[in-house]
Structure formats: C-alpha cells, structure tokens
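Along the sequence shown, residues carry numbers from 1. Computed over heavy atoms, backbone and side chain alike; hydrogens, waters and symmetry mates excluded.
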Amino acid sequence: MLRAELEGDSGMLTIIGAGAVGVTLATYLSAAARPLRLYARPKDVAGFQAAGQLKLHRPRGGLLTAPLPALTQQLFDADSSGLVIATKFSALEGLLPALREAPAGLPVITTLNGVQALALLRRELPALPVTALTIMFNAQLDGPLQARLTTKPAVIVSGGNTALYDTLQGTGLAVRRSAGDTAPW
C-alpha cells in the first residue's frame, strides 16, 4: 500500500534511478499527472534541467513527452508516499544506509530483476513494506531523461499491493498483478 493511501493525502512517489527503466516509469506517471519526484544526484541536476522534459520513444514510432517532475536530492520527506528503486543492483548497497533512515511504513517498490533484491531489501529494511514491480519491457537510455522502448510497456505488481496497482492504472502502462513475489519469475 502506498503511504498516502493510508494517511488520506495525495503523497509523492519518488523514483530513484534515471536510467531506461526509471525514465520510462517517470514518463508514463508524469504524463498521467501522478504526484512524482525524481531523485537526482548532484552531478545529474544540470543535465536533467537542461533536458527540460521527459521523452520516451515508443516501439511504433510515437514520441511520448511529459513534464519534468520535481527533482529532489532527498530520498524521502514528510509527503513521500513511496520509493521506487529503479537502479542497477550494484547501486543497492550504496542506497541501503539512507533507506534505513526512512520512516517506518514507507513503501519501497523495487524494479530490480529476480527475487534476490527483494529478499535483501526485506531483510535490511524490516520496518518498510517492500513490493516487487516486475518490469516486462525492454528500454534503452538515449540521453538524460530520454529513453527508447522496444517492446510493449508492461509491468507486474506483486504481493497484492492494490494502491500501487491503482496508481499505475490509466498511465499507459499495461499493468497486471501476480499472486506472489516469485510468480513473474
């Protein structure tokens, strides 16, 4: 469940990782006017601001553009409703110290392949609900905040996270649910 749903406010989802997966998710969410922030490392801020918007080249030649979401250098704050980890697995160890400081109950959504990251996050962050968002599309990063999809933009929400499923509905992503964490694998 997204924390905002529990607290009755709109809350802000923060995407951590502006590679192909993070940009694809951010573009669909931003185009659908979902409350969204994009975590930006200090070295990336100028490039993101220069890009000015999100761009996603779709498989059949269409271009989806979306407003640049708010950029943040904080992983969470009082209005955070959830964290989407869209980094490479190798970056996860570096994120863990900051994630351990997250308020209890703040949802963490991982897009990392397989169940290894999910198990690691649950073990290291016992006070946070962790959900897998299985990425069923292929995308490539073309430049800062610009990606290219080569397949249908489909995702699978695991573990019965209804709030995340609802948030993703109507964004242009094909969204399915799985009964458990390992079902997509």
S.K.: Would you say the side chain of Pro59 lies within less than 4.5 Å of the side chain of Thr150, judging by non-hydrogen atoms?
M.R.: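 When only atoms from C-beta onward are counted, Pro59 and Thr150 do not touch, as no gap falls below 4.5 Å.
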S.K.: Please lay out, stage by stage, how Val23 and Leu141 fare under the test side-chain contact (heavy atoms from CB on, under 4.5 Å).
M.R.: CA-CA 8 Å; Val23 169; Leu141 192 63; 4.1 Å; yes
S.K.: Between the main-chain N or O of Asp77 and the side-chain N or O of Ser80, is there a donor-acceptor pair closer than 3.5 Å?
M.R.: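 Yes: the side chain of Ser80 pairs with the backbone of Asp77.
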S.K.: Would you give the length of the straight line joining atom CG of Leu168 to atom CG of Leu133, rounded to the nearest 0.5 angstrom?
M.R.: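 Separation between the atoms: 6.0 Å.
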S.K.: Under a 4.5 Å cut-off applied to non-hydrogen side-chain atoms, are Asp79 and Arg37 in contact?
M.R.: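 They are in side-chain contact.
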S.K.: Please indicate whether Gln53 has more than 12 foreign heavy atoms, meaning atoms of other residues, nucleotides or ligands, lying under 6.0 Å from its CD.
M.R.: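 Enclosed.
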S.K.: Please report the shortest heavy-atom distance between Ser30 and Leu54, naming the atom on each side.
M.R.: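 For Ser30 and Leu54, the tightest heavy-atom pair comes out as CB-CD1, 3.8 Å.
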S.K.: To the nearest 0.5 Å, tell me how far Leu149 CG sits from Gln140 CD.
M.R.: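 Between Leu149 CG and Gln140 CD, I get 9.5 Å after rounding to 0.5 Å.
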S.K.: Can you see which heavy atom on Ala139 is nearest to which on Ala20, and at what distance?
M.R.: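 Of all heavy-atom pairs spanning Ala139 and Ala20, the closest is O-CB, 3.4 Å.
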S.K.: Distance check, rounded to the nearest 0.5 Å: Leu121 atom CG versus Leu99 atom CG?
M.R.: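 CG of Leu99 is found 7.0 Å from CG of Leu121.
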S.K.: Is Arg176 atom CZ crowded by more than 12 heavy atoms from other residues, nucleotides or ligands, each under 6.0 Å away?
M.R.: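 No - once you tally the heavy atoms of other residues, nucleotides and ligands closer than 6.0 Å, there are 12 at most.
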S.K.: Find the distance between CG (Leu173) and CD1 (Ile156) and round it off to the nearest 0.5 Å.
M.R.: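 Going from CG on Leu173 over to CD1 on Ile156, the span is 12.5 Å.
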S.K.: Could you give the distance from CZ (Arg177) to OG1 (Thr162), rounded to the nearest 0.5 Å?
M.R.: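 It comes to 5.0 Å.
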S.K.: For Leu38 and Pro69, work out which heavy atoms get closest and say how close.
M.R.: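 Heavy atoms only, the tightest pair is CB-CG, 4.1 Å.
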S.K.: Answer yes or no: is there a donor N or O on one side and an acceptor on the other, between the side chain of Thr65 and the main chain of Lys55, under 3.5 Å?
M.R.: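 Answer holds: no.
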S.K.: Restricting to non-hydrogen atoms, name the atom on Val21 and the atom on Ala86 that form the minimum distance, rounded to 0.1 Å.
M.R.: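 Smallest interatomic distance, heavy atoms only, reads CG1-CB, 4.2 Å.
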S.K.: Can any side-chain N or O of Thr72 pair as donor or acceptor with the backbone N or O of Tyr39 at less than 3.5 Å?
M.R.: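 No: the side chain of Thr72 does not pair with the backbone of Tyr39.
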S.K.: If only atom types and distance count, is the side chain of Arg34 paired as donor or acceptor with the main-chain N or O of Thr167 below 3.5 Å?
M.R.: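 Yes, Arg34 side chain to Thr167 backbone: donor-acceptor pair under 3.5 Å.
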S.K.: Return the OG1 to CG distance between Thr27 and Leu145, rounded to the nearest 0.5 Å.
M.R.: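 Nearest 0.5 Å value for the OG1-CG distance: 8.0 Å.
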S.K.: Which heavy atom in Ala104 sits nearest to a heavy atom in Leu128, and how many Å separate them?
M.R.: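 Closest approach of Ala104 to Leu128, heavy atoms only: CA-CD2, 4.1 Å.
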S.K.: What are the two closest heavy atoms between Phe48 and Leu68, and how far apart are they?
M.R.: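 Looks like O-CD2, 3.8 Å.
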S.K.: Side-chain contact test, heavy atoms from C-beta onward, threshold under 4.5 Å: evaluate it for Phe137 versus Val155 and give yes or no.
M.R.: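 Side chain of Phe137 against side chain of Val155, heavy atoms only: contact under 4.5 Å found.
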S.K.: Any side-chain to backbone donor/acceptor pair from Ser81 onto Met12? Under 3.5 Å, distance only.
M.R.: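 Flag set: sc Ser81 to bb Met12 pair under 3.5 Å.
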S.K.: Within the 4.5 Å heavy-atom criterion, are Ile109 and Leu83 side-chain neighbours or not?
M.R.: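 The answer is no; the side chains never approach within 4.5 Å.
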S.K.: Do Arg41 and Gln73 come close enough that some side-chain heavy atom pair is under 4.5 Å?
M.R.: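 Arg41 does not reach Gln73 side chain to side chain.
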S.K.: Should Pro129 and Asn161 count as side-chain neighbours, where that means a heavy-atom distance under 4.5 Å?
M.R.: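 The answer is no, as the side chains (C-beta and beyond) never meet within the 4.5 Å cut-off.
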S.K.: Given side chains that start at C-beta, do those of Thr131 and Ser158 come closer than 4.5 Å, heavy atoms only?
M.R.: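 The answer is yes, as the side chains (C-beta and beyond) meet within the 4.5 Å cut-off.
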S.K.: Side-chain contact, heavy-atom cut-off 4.5 Å: His57 with Gln146?
M.R.: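 Counting from C-beta outward, His57 and Gln146 do come under 4.5 Å.
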S.K.: Could you walk me through whether Asn138 and Thr151 pass the side chain to side chain donor-acceptor pair (under 3.5 Å) test, one step at a time?
M.R.: CA-CA 6 Å; Asn138 184 36; Thr151 59; 5.9 Å; no
S.K.: Judged by atom type as modelled, is there a donor-acceptor pair below 3.5 Å linking the side chain of Thr14 to the main-chain atoms of Phe76?
M.R.: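 No.
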S.K.: Carefully, step by step, assess Leu63 and Arg58 under the rule side-chain contact (heavy atoms from CB on, under 4.5 Å).
M.R.: CA-CA 6 Å; Leu63 177 66; Arg58 295 188 274 192; over 6 Å; no
